[in-house]
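Structure first, then comments.
Predicted, not measured: the structure shown is a model, and the values here were computed from it.
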Amino acid sequence: MPKAQSHHKRLYESKIIQEDIVKLSKHLKDQLKHFEGKTFLITGAGGFLGNYIVMLLRYLNKSVLDKKLSAILLDNFITGYEQQILSDDNLTFQKHNVIEPFKTDKKIDYLIHAAGIASPVYYTKFPVETMDVGTIGTRNMLELAREKKVKSFLFTSSSEVYGDPDNKHVPTTEEYRGNVSVTGPRACYDESKRFGETMCETFWNVYGVPVKMVRPFNVYGPGIRPDDYRVLPNFIEHALRKEPLPIHGDGRNTRAFCYVSDAIEMLFRVLFSKADGESFNIGNPEMELSVAGLAQYVADAMPYPVKIVHIDPPHAVYSKSDPKRRCPDISKITKVTGFKPKYPLKEGLRRTIAWFSEF
């Protein structure tokens, strides 16, 4: 089966993902009034977060809502698989690059701008496209949101806006201004996300567009591309092939990992909140773990012994500019929306490995 189709099958027919979506709809049941009969526009609908959002919307229509929602789904698949995003009468997919303005006669209640090139391997391969989607794409979506007088606009920014924080700013709050190189190997991504937030804030201040910004910290889970090259899918792929887990350098850099269902719940709670013009960390600070520690976790989760090896980083984006620590302070999102993470790392990893092994 070609890779694109098999990935597609793995998403739409996965028992693990179906369970996640059913649980997610229960966790969001206090928010259902915001979904009822509304129209959403989602950019990056074929991406990792986009797919979960689309599957949640489809499930709500099929099994939960009295009055169905509708959604316009956009993606150009520069890094998503070229796939058929399943359209139906309510959820319509259009292949579109957000760096071109998007026109529609439909009303739009909620706009989620989740398009972006987030994996270092891909944004170093497509640096110009990365800058364009974060800046021109964001500007186009803000113009559309303004024209349509949306109820709420959500920009998926990134924890990369903080760059490489010094220790006294870890866990990192939303007030931290960042330690980012404007010309380093990650700058095409970091700086376009930072400027994307600047544009959002400006459209709120000048035109009253009800924007919110979320900064995801190391979201993982079923549906992440096996060839994404980020640390967790990389470890799982190696472990399933019974190959040693490759740690770049000394493995002392830390991350705090957030399961995808928690991230999507946070995203919708922010979207539906009244916190216009605000930025929120989305992540799970319960366990800031070194990369070496994560490798051990993955190895321990396998039913057979798996070795761990240290290798030279394959790419400057990892060696020179890899942030040493990354862990969110999520007290702001908890205070504003009441959200608390539900998936500890052990459970999330178990589900992710099960998904990788499903097909």
Next item on the list: Over 60° means perpendicular and under 30° means parallel, so classify the ring planes of Phe257 and Tyr220, tilted if in between.
Entry: perpendicular
Next item on the list: Start with the C-alpha distance between Glu143 and Glu147, add both sets of side-chain angles, then the distance that settles side-chain contact (heavy atoms from CB on, under 4.5 Å), and finish with yes or no.
Entry: CA-CA 6 Å; Glu143 294 285 4; Glu147 179 203 326; over 6 Å; no
Next item on the list: Considering only NZ, NE, NH1 and NH2 on the basic side and carboxylate oxygens on the acidic side, decide whether Asp30 and Arg269 come within less than 4.0 Å.
Entry: yes
Checklist line | Heavy-atom pair with the smallest gap, counting every atom of Asn90 and Lys68 | finding: OD1-CD, 3.7 Å
Notebook entry, point to check: Are any non-hydrogen side-chain atoms of Pro246 and His238 less than 4.5 angstrom apart?
Noted result: yes
Check: If you measure only the distance, is there a donor-acceptor pair under 3.5 Å linking the side chains of Tyr52 and Asp20?
Finding: yes
Checklist line | Side chain Asn234, main chain Arg230, donor-acceptor under 3.5 Å | finding: no
Item checked: Side-chain heavy-atom pair Val306, Leu245 within 4.5 angstrom cut-off -> yes
Next item on the list: Just say parallel, tilted or perpendicular for the rings of His34 and Phe272, cut-offs at 30° and 60°.
Entry: parallel
Item checked: Separation of Met213 CE from Phe155 CZ (nearest 0.5 Å) -> 9.0 Å
Check: Looking only at heavy atoms, what is the nearest atom pair of Pro216 and Ser158, with distance?
Finding: CD-CA, 3.8 Å
Margin query: Would Arg146 and Tyr207 count as a cation-pi pair here, with the cationic atom under 6.0 angstrom from the ring centre and within 45° of the axis?
Written below: yes
Check: Is Asn140 reaching over with its side chain to a backbone N or O of Val98, donor-acceptor style, under 3.5 angstrom?
Finding: yes
Check: To the nearest 0.5 Å, how far apart are CD1 in Ile353 and CD1 in Ile236?
Finding: 5.0 Å
Checklist line | Verdict with reasoning, Ile117 to Ile78, per side-chain contact (heavy atoms from CB on, under 4.5 Å) | finding: CA-CA 8 Å; Ile117 300 176; Ile78 185 168; 3.9 Å; yes
Notebook entry, point to check: Is it true that Glu197 and Arg194 have a side-chain N and a carboxylate O under 4.0 angstrom from each other?
Noted result: no
Note to self: Restricting to non-hydrogen atoms, name the atom on Pro222 and the atom on Ile17 that form the minimum distance, rounded to 0.1 Å.
What the structure shows: CB-CG1, 3.6 Å
Check: Hey, are Glu288 and Arg255 close enough for a salt bridge, meaning a charged N less than 4.0 Å from a carboxylate O?
Finding: no
Next item on the list: Report yes or no: do Leu142 and Ile136 belong to one cluster of Ile/Leu/Val/Met/Phe/Trp/Tyr joined by side chain heavy-atom distances under 4.5 Å?
Entry: no
Notebook entry, point to check: Is there a path from Leu65 to Val54 through hydrophobic residues (I, L, V, M, F, W, Y) whose side chains come within less than 4.5 Å of each other?
Noted result: yes
Note to self: Salt bridge or not between Arg351 and Glu19? Use side-chain N to carboxylate O under 4.0 Å.
What the structure shows: yes
Checklist line | Verdict with reasoning, Glu160 to Arg326, per salt bridge (charged side-chain N to carboxylate O under 4.0 Å, His left out) | finding: CA-CA 9 Å; Glu160 290 270 359; Arg326 181 114 337 133; 3.8 Å; yes
Next item on the list: Look at the side chain of Asp109 and the backbone N and O of Thr39, then say whether any donor-acceptor pair between them is shorter than 3.5 Å.
Entry: yes
Item checked: Aromatic ring pairing Phe126/Tyr122, orientation class (parallel under 30°, perpendicular over 60°, tilted between) -> parallel
Check: Does one side chain, of Thr138 or His113, offer a donor that lies under 3.5 Å from an acceptor on the other?
Finding: yes
Checklist line | Close side-chain approach of Leu32 to Val64, heavy-atom, < 4.5 Å | finding: yes
Notebook entry, point to check: Going through the distances and angles, do Ile247 and Ile311 end up as a side-chain contact (heavy atoms from CB on, under 4.5 Å)?
Noted result: CA-CA 6 Å; Ile247 292 173; Ile311 62 168; over 6 Å; no
Check: Within a reach of under 6.0 Å around NZ of Lys346, are more than 12 heavy atoms found that belong to other residues, nucleotides or ligands?
Finding: no
Check: At what distance, to the nearest 0.5 angstrom, does OG of Ser25 lie from OH of Tyr59?
Finding: 4.5 Å
Note to self: Does this structure show an ion pair linking Lys332 with Glu278, if we count only N-O contacts that are shorter than 4.0 Å?
What the structure shows: yes
Note to self: Tell me whether Thr43 contacts the main-chain N or O of Ala114 through its side chain, where contact means a donor paired with an acceptor under 3.5 Å.
What the structure shows: yes
Note to self: Donor-acceptor check, side chain of Glu36 to backbone of Asp66, threshold 3.5 angstrom: yes or no?
What the structure shows: yes
Notebook entry, point to check: Side-chain contact, heavy-atom cut-off 4.5 Å: Phe153 with Trp204?
Noted result: no
Margin query: For Lys274 and Asp276: C-alpha separation, side-chain torsions, deciding distance, then whether salt bridge (charged side-chain N to carboxylate O under 4.0 Å, His left out) applies.
Written below: CA-CA 6 Å; Lys274 300 264 188 289; Asp276 295 333; over 6 Å; no
Note to self: For Ile72, is there any backbone N or O sitting under 3.5 Å from a side-chain donor or acceptor partner on Lys106?
What the structure shows: no
Note to self: Any heavy-atom pair between the side chains of Pro127 and Tyr189 that's under 4.5 Å?
What the structure shows: no
Next item on the list: Check step by step if side chain to side chain donor-acceptor pair (under 3.5 Å) holds for Lys212 and Ser152.
Entry: CA-CA 8 Å; Lys212 287 92 178 166; Ser152 185; 2.9 Å; yes
Next item on the list: Kindly work out whether a path of hydrophobic side-chain contacts (I/L/V/M/F/W/Y, heavy atoms less than 4.5 Å apart) joins Tyr123 to Ile99.
Entry: no
Check: Once you round to the nearest 0.5 Å, how far does CD1 of Ile264 lie from CG of Leu271?
Finding: 11.5 Å
Next item on the list: Would you kindly confirm whether Leu69 and Ile53 end up in one hydrophobic cluster when ILVMFWY residues are joined by side chain heavy atoms under 4.5 Å apart?
Entry: yes
Notebook entry, point to check: Any cation-pi pair here, Lys342 with Tyr259, using under 6.0 Å and within 45°?
Noted result: no
Item checked: CZ-CG distance between Phe268 and Leu24, expressed to the nearest 0.5 angstrom -> 8.0 Å
Item checked: Check: Pro120 main-chain N/O paired with Lys125 side-chain donor or acceptor under 3.5 Å -> no
Checklist line | Gln94 side chain to Leu74 backbone, donor-acceptor under 3.5 Å | finding: no
Notebook entry, point to check: Between the side chains of Arg186 and Ser181, is a donor N or O closer than 3.5 angstrom to an acceptor N or O?
Noted result: no
Item checked: Pairwise side-chain contact, Val133 with Glu129, heavy-atom cut-off 4.5 Å (strictly under) -> no
Margin query: Quick check: do Thr104 and Phe102 have side-chain heavy atoms less than 4.5 Å from each other?
Written below: yes
Check: Where do Tyr162 and Arg215 land on the side chain to side chain donor-acceptor pair (under 3.5 Å) test, with the steps shown first?
Finding: CA-CA 9 Å; Tyr162 301 122; Arg215 300 168 178 166; 2.7 Å; yes
Check: Quick check: does any side chain N or O of Glu358 sit under 3.5 Å from a backbone N or O of Lys15, one acting as donor and the other as acceptor?
Finding: yes
Next item on the list: Verify the ring-centre separation between Phe77 and Phe93: is it less than 6.0 angstrom?
Entry: yes
Notebook entry, point to check: In terms of hydrophobic clustering (I, L, V, M, F, W, Y; side-chain heavy atoms under 4.5 Å; direct or indirect links), are Met131 and Val121 co-clustered?
Noted result: no
Next item on the list: Indicate yes or no for a side-chain donor-acceptor contact from Asn51 to the backbone of Gly47 under 3.5 Å, with no hydrogens or angles considered.
Entry: yes
Next item on the list: Step by step, work out the salt bridge (charged side-chain N to carboxylate O under 4.0 Å, His left out) result for Lys95 and Asp75.
Entry: CA-CA 5 Å; Lys95 187 168 178 179; Asp75 206 310; over 6 Å; no
Next item on the list: Test Cys327 against Phe217 for side-chain contact (heavy atoms from CB on, under 4.5 Å), laying out the working first.
Entry: CA-CA 7 Å; Cys327 182; Phe217 279 72; 5.7 Å; no
Item checked: Pairwise distance OH(Tyr297) to CZ(Phe235) - rounded to 0.5 angstrom -> 14.5 Å
